[in-house]
Amino acid sequence: MQRMLIVDDEPVILDGLYAFFQKANLHDMEIIKAYSAYEAIEWLNSVKIDLVLSDICMPGMDGMELIDKIVDRWPRCKVLLLTGHNEFDYAHQAIRNPCVVDYLLKTEGMSHIRAAVDRALQQIAEENDFRYQNAWFRSKLPRALPQLQRQLLLDVMKRTERYELASLQEELDAVQLPFRSEEPVIPIIIRVEDWNTYQSHADRSLIRYAVANVAEELLQDKTIVKSVDLDLQVIACIIQPSAQDAHFATNPQEKREQTLRFVYGTLESVQQSCADCLNLSVSIMVSDQVVDWMELNTAIAQLRLSVHAGPGLGMEKLLRVQVQHALNYTPNMVNRQAVAALHMDQIKVRIVAGEREWVDSFDKWTEVSIEGLQDPFFRMNIYTGAGNALIEVLHEMGLYESAMEEIELAQMLYFDIQTPWHELVIFYRSALEWIISKRSNTRLNDQSQILTTIHLYIKHHLADDLSLTRIAQEVSLNPSYLSRWYKRITGKGISDYIHERRIELSKELLLGSACKMHEISAKVGFSDQHYFYRFFKKATGCTPQEYRDQKTSLSH
């Protein structure tokens with residue numbers, strides 16, 4: 001999804017432009033309006049903006065100053081400037097800025113403005129096509145991460161002991177990783193939720209590589225970023241402010257806040273690029289604060305676990321995680337020296353993802369394990385590992401209490417090396433099948449809970465900001481994904497539902513209160529009373545006053 005921000009201090013002009021582009025049905029475009037440059041900056045600070053259509057002459061801060069704020073926050077944003085006068089000096093300054101696509105007179109009319117917006121969107125599309133087409137990834141991209149860099153990052157993320165930062169810097173420099181050990185980092189986790197048509201291991205390996213490159217390409221405008229696979233489904237990214245960008249901040253705290261804001265906004269574009277260009281559904285979990293290098297181990301573990309917190313498992317989550325400094329539980333890491341442990345790790349990943357391939361991994365685990373059961377120590381490790389893996393998955397998916405009752409989980413207490421192998425296999429296969437069935441039911445319950453949350457939020461905030469972005473934040477989902485998902489589940493768009501609730505509340509206020517028209521207009525989210533009149537008449541066939549009069553006369 002893309003966002004266009006329209007900025008003008010004249011309400012009539014702004015509302016007119018907003019209404020025009022709302023009706024234009026620009027594909028997957030959210031239109032946002034701001035009545036001043038300062039309100040525009042609030043939006044720029046909260047979400048990623050792709051295109052700005054701004055008046056150039058505004059009180060307090062003009063369009064040229066606003067351009068500097070835009071470029072500082074979103075370097076790839078395109079800008080169209082509007083003015084009521086043919087001011088050569090402004091035009092000369094504007095066209096020298098590479099982010100400015102066009103400079104337009106308001107008197108040129110809506111057709112010229114629409115054409116300029118189309119050109120800007122085409123420019124954005126061409127840039128995205130060049131960088132993210134799947135064919136380009138397959139044919140031209142070299143390996144993204146040299147093996148030494150990948151291995152060091154994995155090693156640093158596993159470290160639990162204290163170490164010298166100077167020593168870490170030497171390691172980073174040795175493999176030419178551009179990070180600074182004395183500065184904290186922002187960890188994020190990208191988790192593939194739906195592989196769609198990518199079924200082979202080769203395809204999935206290539207696509208994980210493509211996802212990592214999408215993230216690095218979009219985030220590297222203002223940061224240093226490196227990605228590494230954690231397992232078959234999860235990618236970790238480590239992020240720092242770029243050294244070039246760092247000197248613009250007046251203090252370290254401001255620099256960190258600027259970087260966090262940029263990262264939060266850009267991750268939505270990472271999800272969108274994965275969906276559009278790779279036909280891939282991904283969730284992204286990002287730390288809500290910077291962490292020291294020595295805290296990476298616990299931070300990454302919390303990010304991995306956070307995907308299972310709350311409803312929406314398997315959906316495109318976009319979640320800021322409050323990372324704590326201590327973690328009581330750390331996920332097991334793959335022991336690459338034990339083939340059986342590797343297969344068990346794959347079982348866990350695939351069960352949590354709801355993939356049918358878990359059965360293949362389970363069969364491989366049983367085949368490998370049975371060969372060494374004659375050794376009592378090997379047998380003990382296999383039995384213990386299977387039990388730990390099952391408990392881990394149950395805890396991660398919030399099913400432990402249910403399992404205690406429904407599948408007699410307590411049987412595991414009686415397993416020892418004397419337990420027949422076939423009994424153990426039957427028990428664990430049955431338990432994993434139960435988890436898969438529960439996962440399907442959980443998805444249905446999650447959908448119901450998310451719909452309820454959305455509808456309640458809309459009901460109680462009809463007078464407030466009901467942009468798709470704000471609603472998506474309420475349920476921690478990607479806005480574009482939320483729009484598609486809502487329409488698929490309900491058969492209508494979120495904007496249609498909002499319009500219905502606004503009409504419903506308008507009728508209630510017209511008949512059940514003595515509120516004046518401008519008061520009713522404000523209560524249902526319209527700053528312009530005339531726009532409210534047009535909206536109501538289009539929906540009901542009469543003006544608000546006519547509706548009130550008709551119903552009042554009928555009651556008498």
Side-chain angles (χ1 to χ4, degrees), residues 3-25 29-43 46-47 52-55 57-61 66 82 84 106 110 113 454-471 473-474 492-556:
R3 295 188 185 90
M4 179 167 71
L5 176 63
I6 306 175
V7 190
D8 201 305
D9 62 312
E10 297 183 49
V12 174
I13 294 177
L14 178 59
D15 291 340
L17 287 168
Y18 178 81
F20 174 80
F21 282 108
Q22 284 280 47
K23 296 175 183 176
N25 293 322
M29 173 72 75
E30 183 177 16
I31 312 297
I32 301 170
K33 56 181 177 179
Y35 291 93
S36 70
Y38 300 105
E39 186 179 349
I41 290 173
E42 291 180 9
W43 276 107
S46 61
V47 295
V52 174
L53 178 61
S54 175
D55 185 11
C57 295
M58 294 179 288
M61 180 186 299
L66 182 58
L82 293 172
K106 295 178 181 179
M110 288 297 193
I113 296 174
I454 290 170
H455 291 165
L456 284 175
Y457 181 83
I458 290 172
K459 177 181 178 181
H460 295 298
H461 294 83
L462 285 174
D464 305 323
D465 171 27
L466 282 179
S467 65
L468 185 61
T469 295
R470 181 63 192 89
I471 296 170
Q473 289 172 347
E474 195 67 19
K492 67 175 72 173
I494 289 183
S495 60
D496 296 326
Y497 181 82
I498 293 171
H499 289 167
E500 291 172 2
R501 298 289 75 76
R502 281 179 165 153
I503 290 296
E504 181 182 284
L505 180 59
S506 299
K507 291 179 178 179
E508 291 177 8
L509 293 172
L510 286 167
L511 300 182
S513 76
C515 292
K516 297 179 180 179
M517 290 302 167
H518 72 274
E519 294 173 330
I520 295 175
S521 175
K523 287 179 182 292
V524 295
F526 293 95
S527 58
D528 184 349
Q529 182 177 333
H530 299 292
Y531 188 40
F532 167 61
Y533 267 71
R534 293 193 298 270
F535 170 79
F536 189 90
K537 186 172 183 178
K538 182 180 179 180
T540 65
C542 61
T543 67
Q545 188 61 55
E546 289 170 346
Y547 181 83
R548 173 177 272 177
D549 293 342
Q550 290 172 9
K551 298 298 181 181
T552 302
S553 63
L554 288 174
S555 65
H556 294 298

So, is the end of the R501 side chain (NZ or CZ) under 6.0 Å from the ring centre of Y497 and within 45° of the ring's axis?
yes

Return yes if a side-chain donor-acceptor contact under 3.5 Å exists between Y18 and Q22, otherwise no.
yes

Any side-chain heavy-atom pair of P59 and D9 under 4.5 Å:
yes

So do the side chains of I471 and I458 get within less than 4.5 Å of each other, counting heavy atoms only?
yes

Would you check, one step at a time, whether the test side chain to side chain contact (heavy atoms under 4.5 Å, CB included) holds for L509 with K523?
CA-CA 9 Å; L509 293 172; K523 287 179 182 292; 3.8 Å; yes

I'd like to check the salt bridge (charged side-chain N to carboxylate O under 4.0 Å, His left out) partners of R502; sequence neighbours left out, ordered by chain and number.
none

Nearest 0.5 Å, what's the CD1-CD distance between I454 and E474?
9.5 Å

Give a yes or no on whether the ring-centroid distance for F535 and H499 is below 6.0 angstrom.
yes

Can you measure from NZ (K537) to SG (C542) and round to the nearest 0.5 angstrom?
8.5 Å

So, do M4 and I6 sit near enough that their side-chain heavy atoms are less than 4.5 Å apart?
yes

Give me the ring orientation class for Y457 and H461: parallel if the planes are under 30° apart, tilted from 30 to 60°, perpendicular past 60°.
parallel

Any idea which heavy atoms bring L14 and A34 closest together, and the distance?
CD2-O, 3.3 Å

Distance col, row Q529:CD vs K516:NZ, nearest 0.5 angstrom, shows 11.0 Å

Can you check whether D55 reaches V7 side chain to side chain, under 4.5 Å on heavy atoms?
no

To the nearest 0.5 Å, tell me how far I13 CD1 sits from K33 NZ.
13.5 Å

Please check if the side chain of Q550 supplies one atom and the backbone of Y547 the other of a donor-acceptor pair under 3.5 Å.
no

Please name the pair of heavy atoms, one in F532 and one in S506, separated by the smallest distance, quoted to 0.1 Å.
CE1-OG, 3.4 Å

Audit row: R470, V47, side chain to side chain contact (heavy atoms under 4.5 Å, CB included) steps and yes/no:
CA-CA 10 Å; R470 181 63 192 89; V47 295; over 6 Å; no

Within the 3.5 Å criterion, strictly below it, is a donor on D15 or Y35 matched to an acceptor on the partner's side chain?
yes

Just do the salt bridge (charged side-chain N to carboxylate O under 4.0 Å, His left out) check on E500 and K492 with the steps written out, would you?
CA-CA 11 Å; E500 291 172 2; K492 67 175 72 173; 2.9 Å; yes

Answer yes or no: are there more than 12 heavy-atom neighbours, outside H455 itself, under 6.0 Å from its atom NE2?
yes

L462 to I498 - nearest heavy-atom pair and separation:
CD2-O, 4.4 Å

Which value, rounded to the nearest 0.5 Å, describes the distance between M517 atom CE and Q545 atom CD?
4.0 Å

For side chain to side chain contact (heavy atoms under 4.5 Å, CB included), just list the numbers for L66 and I41, CA-CA rounded to whole Å, side-chain angles, deciding distance to a tenth of an Å, and then say yes or no.
CA-CA 8 Å; L66 182 58; I41 290 173; 4.1 Å; yes

Might you work through the side chain to side chain contact (heavy atoms under 4.5 Å, CB included) test for S36 and M58, ending with a clear yes or no?
CA-CA 7 Å; S36 70; M58 294 179 288; 5.9 Å; no

Provide the closest heavy-atom pair for L53 versus I113 in the form atom of the first, atom of the second, distance.
CD2-CG2, 4.0 Å

L510 and side-chain contact (heavy atoms from CB on, under 4.5 Å): which single residue from I520, L505, D549 fits?
I520

Judged by atom type as modelled, is there a donor-acceptor pair below 3.5 Å linking the side chain of S521 to the main-chain atoms of F526?
yes

Rounding to 0.5 Å, atoms CD1 (I32) and OG1 (T469) come to a distance of 5.0 Å

